[in-house]
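Presented below is the structure to which this report refers.
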Amino acid sequence: ILVLVGVEFGAAAAAFYAGGVFLSAPLLPWRMGLWSIGFGIAVVVGITSVGLYQPKQRLTMEGVLVRIGVGLGLAAVVVALIEFLLPGEVRGALWAWSFAISLGALIVTRALFARYADHEAFSRSVLVYGAGERAGRLLKLRRRSDRRGFNIVAFAAAPGETTVVDDGRVHMVRVVL
């Protein structure tokens, strides 16, 4: 998730800078850099506030798009507040282009992350002690979002337990105390 935050921060900062170059904004390079960083921070804070960095979210792509829009709206409020406190630095056209470019960059970033990120790499490998009725309920989790975050590697049937789980991952273990 930190990689995603970094990429989205960079995309937002680059969007502001690209908007400034496109509009030939009359800002000194170091001021453009500072405003780019501030814009990137505002976008990441806005997206964080709508919960897009939560690992257990159950969103469709439409839900992600709505949250990106709301997050950018919150970032616009933050940017408007900064513009109110430091007037005259940046014009409205630059903000509009920056938000438009950011919207496109965030959508592309999220789509690529959803498509190519190895979500199994972020999950824990779990050894379930027991192969009875309660352990069998874990195999009945139908929604992928309910199984997100863990991968059952094996079931270790306890001695004397009635094995209910019918799975190739059930192994008998001998516990020595």
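Counting all heavy atoms, side chain and backbone alike, A12 lies closest to G40 at CB-CA, 3.8 Å. Of all heavy-atom pairs between A15 and I101, the closest is CB-CG2, 3.4 Å. Between G20 and L94, the shortest heavy-atom contact is N-CD1, 3.1 Å. A42 and A75 get closest at one heavy-atom pair: O-CB, 3.4 Å.
The list of side-chain hydrogen bond (donor to acceptor under 3.5 Å, both in side chains) pairs with a residue in residues 101-112, not counting sequence neighbours, reads E8-R110.
F113 has its side chain out of reach of V3: every pair of non-hydrogen atoms, C-beta onward, lies at least 4.5 Å apart. A heavy-atom distance below 4.5 Å is not found between the side chains of I68 and V50. Counting heavy atoms from C-beta outward, V128 and V126 have side chains that approach closer than 4.5 Å.
Note: the hydrophobic cluster containing I41 does not contain L81 (ILVMFWY, side chain heavy atoms under 4.5 Å, direct or indirect links). In the hydrophobic clustering of this structure, V77 does not group with V44; members are Ile, Leu, Val, Met, Phe, Trp, Tyr whose side-chain heavy atoms approach within less than 4.5 Å, directly or through other members. One hydrophobic cluster, built from ILVMFWY side chains closer than 4.5 Å, cannot hold both V7 and F9; they sit in different ones.
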> When you look at V43 and V78, which way does the side-chain contact (heavy atoms from CB on, under 4.5 Å) test go after all the steps?
Replying inline: CA-CA 9 Å; V43 168; V78 170; over 6 Å; no
> Between V79 and F39, is a side-chain contact (heavy atoms from CB on, under 4.5 Å) present by the stated rule, with each step listed?
Replying inline: CA-CA 7 Å; V79 165; F39 181 76; 4.1 Å; yes
> Between W35 and I82, is a side-chain contact (heavy atoms from CB on, under 4.5 Å) present by the stated rule, with each step listed?
Replying inline: CA-CA 10 Å; W35 278 103; I82 292 171; 3.5 Å; yes
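How far CD1 of I47 is from OH of Y53: 4.5 Å, rounded to the nearest 0.5 Å. Atom CG of residue L65 and atom CG of residue L103 lie 8.0 Å apart, to the nearest 0.5 angstrom.
With a 6.0 Å radius and a threshold of 12 heavy atoms from other residues, nucleotides or ligands, F99 has its CZ atom above the threshold.
Aromatic ring centroids of F16 and W95 lie under 6.0 Å apart.
Using modelled atom types, no side-chain atom of R67 and backbone atom of L52 make a donor-acceptor pair closer than 3.5 Å.
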